[in-house]
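The structure appears below as structure tokens.
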Amino acid sequence: MYVAPPPQLSDATQKSTDDNAATSRIYQIWLGSNKFLLGGRLIFGPDVRSLFLTIFMIIVPVAIFCAFVAKDLLDKFPHHLGIFIMAIAIIFTVYDLFLLLLTSGRDPGIIPRNEHPPEPEEDYDASTSTADWGGGQTPRLRLPRMKDIMVNGVAVKIKFCDTCMLYRPPRCSHCSICNNCVERFDHHCPWVGQCIGQRNYRYFFMFVFSTTLLCIYVFAFCWVYIKKIIEERQVNVWRAMLKTPASIVLIVYTFIAVWFVGGLTAFHIYLISTNQFLFYCRPLMRTFDIDMTVK
């Protein structure tokens, strides 16, 4: 089917358009819903504000642990070994936040959009297709929604994305929150404010796993501190816990948190071992409060 060419621009208008395109960087003309920092070096999702809540939920418990638990444990061990308890907690937290930034501020695997839809293939029967009429004048050919491609000798169906005007590769999905097609899309995580895909999945897994270890670390040394109080003051466990309310708060907080991050870590270990993605396990998406909104 014939499609009329776009109207020709005057030489002055064409030159002005080319100059603007040449001077504009990609992040300045980005069509997705992402937010950029540092001249486009960091790319975040539109819900990046939730990242501050995640940082708050990590830093505040560790600060309480260092101020009320690790500080009192400094002199409880011989040869000043207690100082390593606080040092490890601080280093572990900085490492955890670094992984969080890599997960949230890194391109998850966005596939660039096409400016124009792809040309129909030679064996494509245009007579069986439908046409859209833009502006009531020029018909526009509608490409087939699905087509088959061969991957390692196996026929795989891929879907056409109307927004990005491309056929999505296998395991690619369009996130309606970020408004991008993401390669090897796993899910959109509201806790990091970013899609999880091919380029940041490893950092996401390392972040969740290190957060689990950090929870276990704080939980364990809160009980160590309570045990030291029992030994020094010759009281039972309940009276010892009343002596350190900060430890009680941290024990409850980390016990609850480890069920979420620990369960998510175990589940992703299973997905990695079976070469799957969370996107294909929709019945479990609400268990971890994960957004699976895609087109």
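Numbers for residues simply follow the sequence, beginning at 1.
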| Parallel, tilted or perpendicular, as decided by the 30° and 60° cut-offs, for the rings of F205 and F209 | parallel
Any link between [X] and [Y] through a network of hydrophobic side chains (Ile, Leu, Val, Met, Phe, Trp, Tyr) touching at under 4.5 Å?
{"X": "V237", "Y": "F255", "answer": "yes"}
{"X": "I216", "Y": "I251", "answer": "yes"}
{"X": "I248", "Y": "W223", "answer": "yes"}
{"X": "L38", "Y": "I55", "answer": "yes"}
{"X": "L99", "Y": "I59", "answer": "yes"}

Within a strict 4.5 Å, meaning less than it, do heavy atoms of the [X] and [Y] side chains meet?
{"X": "F44", "Y": "L51", "value": "yes"}
{"X": "K243", "Y": "R233", "value": "yes"}
{"X": "V258", "Y": "F219", "value": "no"}
{"X": "C222", "Y": "F65", "value": "yes"}
{"X": "V249", "Y": "I64", "value": "no"}
{"X": "D107", "Y": "N200", "value": "no"}
{"X": "P46", "Y": "I177", "value": "yes"}
{"X": "C195", "Y": "H188", "value": "yes"}

I need the [X] [atom1] to [Y] [atom2] distance, nearest 0.5 Å.
{"X": "K159", "Y": "H174", "atom1": "NZ", "atom2": "NE2", "result": "11.0 Å"}
{"X": "C172", "Y": "E183", "atom1": "SG", "atom2": "CD", "result": "6.5 Å"}
{"X": "L214", "Y": "L97", "atom1": "CG", "atom2": "CG", "result": "9.0 Å"}
{"X": "Q194", "Y": "C178", "atom1": "CD", "atom2": "SG", "result": "5.5 Å"}
{"X": "L73", "Y": "M86", "atom1": "CG", "atom2": "CE", "result": "9.0 Å"}
{"X": "I256", "Y": "C215", "atom1": "CD1", "atom2": "SG", "result": "11.0 Å"}

Let's go through T163 and N179 carefully: what are the C-alpha distance in whole Å and the side-chain angles of both, what is the deciding distance for side chain to side chain contact (heavy atoms under 4.5 Å, CB included) to 0.1 Å, and is it a yes or a no? CA-CA 8 Å; T163 303; N179 199 23; 3.5 Å; yes
task: Could you pull out all residues at least two apart from L81 that satisfy side chain to side chain contact (heavy atoms under 4.5 Å, CB included)?
output: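 Partners of L81 under the side chain to side chain contact (heavy atoms under 4.5 Å, CB included) test: F77, H79, F84.
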Checklist entry - Between K76 and E232, is there a side-chain N and carboxylate O pair less than 4.0 Å apart? => result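 Counted as a salt bridge, because a side-chain N and a carboxylate O are separated by less than 4.0 Å.
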(message) Between K227 and E231, does any NZ, NE, NH1 or NH2 come within less than 4.0 Å of an OD or OE carboxylate oxygen?
(response) yes
Only one of R184, H187, H268 passes side chain to side chain donor-acceptor pair (under 3.5 Å) with Y201, and that residue is H268
- Can you name the one residue among L102, L264, L100 that meets side-chain contact (heavy atoms from CB on, under 4.5 Å) with F204?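 Single side-chain contact (heavy atoms from CB on, under 4.5 Å) partner of F204 among L102, L264, L100: L264.
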- Around F68, counting heavy atoms of other residues, nucleotides and ligands shown, do more than 12 lie under 6.0 Å from its CZ? no
Check the surroundings of atom CD1 in I83: do more than 12 heavy atoms from other residues, nucleotides or ligands lie under 6.0 Å from it? no
Please answer whether the main-chain N or O of [Y] pairs with a side-chain N or O of [X] as donor and acceptor at a distance below 3.5 Å.
{"X": "T244", "Y": "M241", "value": "no"}
{"X": "T54", "Y": "W191", "value": "yes"}
{"X": "N114", "Y": "M165", "value": "yes"}

Next on the checklist: Would I196 and V182 count as a side chain to side chain contact (heavy atoms under 4.5 Å, CB included) here? Give the steps.
Outcome noted: CA-CA 8 Å; I196 307 302; V182 179; over 6 Å; no
Can you see which heavy atom on [X] is nearest to which on [Y], and at what distance?
{"X": "I111", "Y": "P169", "answer": "CD1-CD, 3.5 Å"}
{"X": "A70", "Y": "I85", "answer": "CB-CG2, 4.3 Å"}
{"X": "L242", "Y": "P245", "answer": "O-CD, 3.8 Å"}
{"X": "S273", "Y": "Y270", "answer": "OG-O, 2.7 Å"}

Exercise for review: Decide whether N180 and N34 meet the rule of one side-chain donor and one side-chain acceptor closer than 3.5 Å.
Suggested key: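 A donor-acceptor contact under 3.5 Å links the two side chains.
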- [ ] Provide the full list of side-chain hydrogen bond (donor to acceptor under 3.5 Å, both in side chains) pairs with a residue in residues 90-106, sequence neighbours left out, each pair given once.
- [x]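 Found D96-S210, D96-T211.
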I'd like to know whether I226 forms a side chain to side chain contact (heavy atoms under 4.5 Å, CB included) with I230, so could you lay out the CA-CA distance, the side-chain angles of the two residues, the decisive distance to 0.1 Å, and finally the verdict.
CA-CA 6 Å; I226 292 174; I230 295 174; 4.2 Å; yes
Between F221 and Y217, is the gap from one ring center to the other below 6.0 Å?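 Yes.
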Exercise for review: Could you go through the side chain to side chain contact (heavy atoms under 4.5 Å, CB included) check for Y253 and M57 one step at a time?
Suggested key: CA-CA 10 Å; Y253 179 83; M57 295 175 67; 3.4 Å; yes
